[in-house]
Amino acid sequence: MTKTELHSPEREREREREREREIPPSLAELTNLDALHLDRNKLTGSIPDSFGKFAGNVPDLYLSHNQLTGSIPKSIGNENFTVIDFSRNMLSGDLSFMFGSNQTIQIVDFSRNMFEFDLTKVVFPASLTSLDLNHNKIYGSLPGGLTALNVQYLNVSYNRLCGQIPIGGKLQSFDETSYFHNRCLCGSPLPACK
């Protein structure tokens, strides 16, 4: 590559287009949002830290089917979202801080990313009705607290989970596809533990 190629007008335009595909942090300053749909926009870069400090109501947040990378900013765990869909990106890291008994989240889809954390001690909020964590690198075991939830949808397949599926609640009402392709998860509806 020559110096001319490195600073060519075409390369500068390409860099500008890349910046244009990033999520503008200023979106968090909008005060009348009920939902923010940025899904399927070929967005790149990371999720702005400002999404943990929305100026008005905390909107339902849809960032799925993009090319977002990096970790979820810790500040997002301070907001009380109702719906979050970050599925089908290239996000990574620990997202256990997104849950907790004090949260009001109802519908969560973090599927098809590269999240990697121990699920064993995660406490899920009582409000949770839909949890999709499939196709990540999540390890540990399913927390027993899941049995106390009124979960209508659950998918933890294609992870690295082990141990007995807790008995009770609605966990046995889901078919094996909600749990299969894990390292060593067992118990109903999967084959019995040995």
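Here the structure is a predicted model, which is why all the values come from computation and not from measurement.
- The two residues Ser178 and Leu154 make their nearest non-hydrogen contact at OG-O, 2.9 Å.
- Side chain of Asp118 to main chain of Thr120: a donor-acceptor pair is present (N/O by atom type, distance under 3.5 Å, no hydrogens or angles).
- A continuous path of Ile, Leu, Val, Met, Phe, Trp and Tyr side chains, each step under 4.5 Å between heavy atoms, connects Val151 with Leu119, placing both in one hydrophobic cluster.
- Counting heavy atoms from C-beta on, the side chains of Phe180 and Asn182 never come closer than 4.5 Å.
- Ring geometry, Phe110 versus Phe115: the interplanar angle exceeds 60°, so the pair is classed perpendicular (tilted spans 30 to 60°).
- Between Tyr139 and Arg183, the closest side-chain pair of non-hydrogen atoms is not below 4.5 Å.
- When every heavy atom of Ser111 is checked against every heavy atom of Asp109, the shortest pair comes out as OG-OD1, 2.6 Å.
- There is a path of hydrophobic side-chain contacts, each under 4.5 Å, that joins Leu133 to Leu149.
- Atom CG of Leu171 and atom CD1 of Ile165 lie 8.0 Å apart (nearest 0.5 Å).
- Looking at Ile72 and Met98, their side chains come closer than 4.5 Å, going by heavy atoms from C-beta outward.
- Atom CG of Leu146 is separated from atom CG of Leu131 by 7.0 Å, given to the nearest 0.5 angstrom.
- Note that the CZ atom of Arg112 and the CG atom of Asn134 stand 5.5 Å from one another [nearest 0.5 Å].
- Nearest heavy atoms, Pro24 versus Phe51: O-CE1, 4.2 Å.
- Counting only distance, with no hydrogens or angles, the side chain of Gln172 and the backbone of Gly168 share a donor-acceptor pair below 3.5 Å.
- Side-chain atoms of Ile105 and Ile84, non-hydrogen and from C-beta on, do get closer than 4.5 Å to each other.
- Val83 and Val58 fall into different hydrophobic clusters, where Ile, Leu, Val, Met, Phe, Trp and Tyr residues are linked whenever their side-chain heavy atoms come under 4.5 Å apart, directly or through other members.
- Glu116 places no side-chain N or O within donor-acceptor distance of the main-chain N or O of Asn136, the cut-off being under 3.5 Å.
- Atom CG of Leu68 is separated from atom OG of Ser92 by 11.5 Å, given to the nearest 0.5 angstrom.
- There is no path of hydrophobic side-chain contacts, each under 4.5 Å, that joins Val156 to Ile107.
- The closest donor-acceptor contact from the side chain of Gln152 to the backbone of Asn150 lies under 3.5 Å.
- Of all heavy-atom pairs between Phe97 and Gln103, the closest is O-NE2, 4.4 Å.
- Taking both residues in full, the closest heavy atoms of Pro166 and Pro143 are given as CG-O, 3.8 Å, listed atom of the first, atom of the second, then distance.
- Asn159 contributes a side-chain N or O that, together with a main-chain N or O of Ile138, makes up a donor-acceptor pair within less than 3.5 Å.
- Distance alone, capped at 3.5 Å, places no donor-acceptor pair between the Ser64 side chain and the Ser87 backbone.
- Residues Tyr62 and Phe86 keep their aromatic ring centres 6.0 Å or farther apart.
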Exercise answer: donor-acceptor pairs, residues 29-43 side-chain atoms, under 3.5 Å, sequence neighbours excluded:
{"unit_1": "Arg40", "atom_1": "NH2", "unit_2": "His65", "atom_2": "NE2", "d": "3.3"}
{"unit_1": "Asn41", "atom_1": "ND2", "unit_2": "Leu38", "atom_2": "O", "d": "3.1"}
{"unit_1": "Asn41", "atom_1": "ND2", "unit_2": "Asp39", "atom_2": "O", "d": "3.0"}

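- Side-chain atoms of Thr129 come within 3.5 Å of backbone atoms of Gln106 as a donor-acceptor pair (strictly under, hydrogens ignored).
- Note that CG of Leu185 and OG of Ser157 are 10.5 Å apart. Values are rounded to the nearest 0.5 Å.
- Closest of all the heavy-atom pairs between Pro125 and Gly100 is CB-O, 3.4 Å.
- Counting heavy atoms from C-beta on, the side chains of Leu61 and Phe81 come closer than 4.5 Å.
- The CZ atom of Arg88 sits 15.0 Å away from the CG atom of Leu63 when rounded to the nearest 0.5 Å.
- Pro73 places a side-chain heavy atom less than 4.5 Å from the side chain of Ile47.
- Ring geometry, Phe174 versus Tyr179: the interplanar angle exceeds 60°, so the pair is classed perpendicular (tilted spans 30 to 60°).
- Between the side chain of Asn78 and the backbone N or O of Ile76, no donor-acceptor pair lies under 3.5 Å.
- Side-chain atoms of Asn66 never come within 3.5 Å of backbone atoms of Asn89 as a donor-acceptor pair (strictly under, hydrogens ignored).
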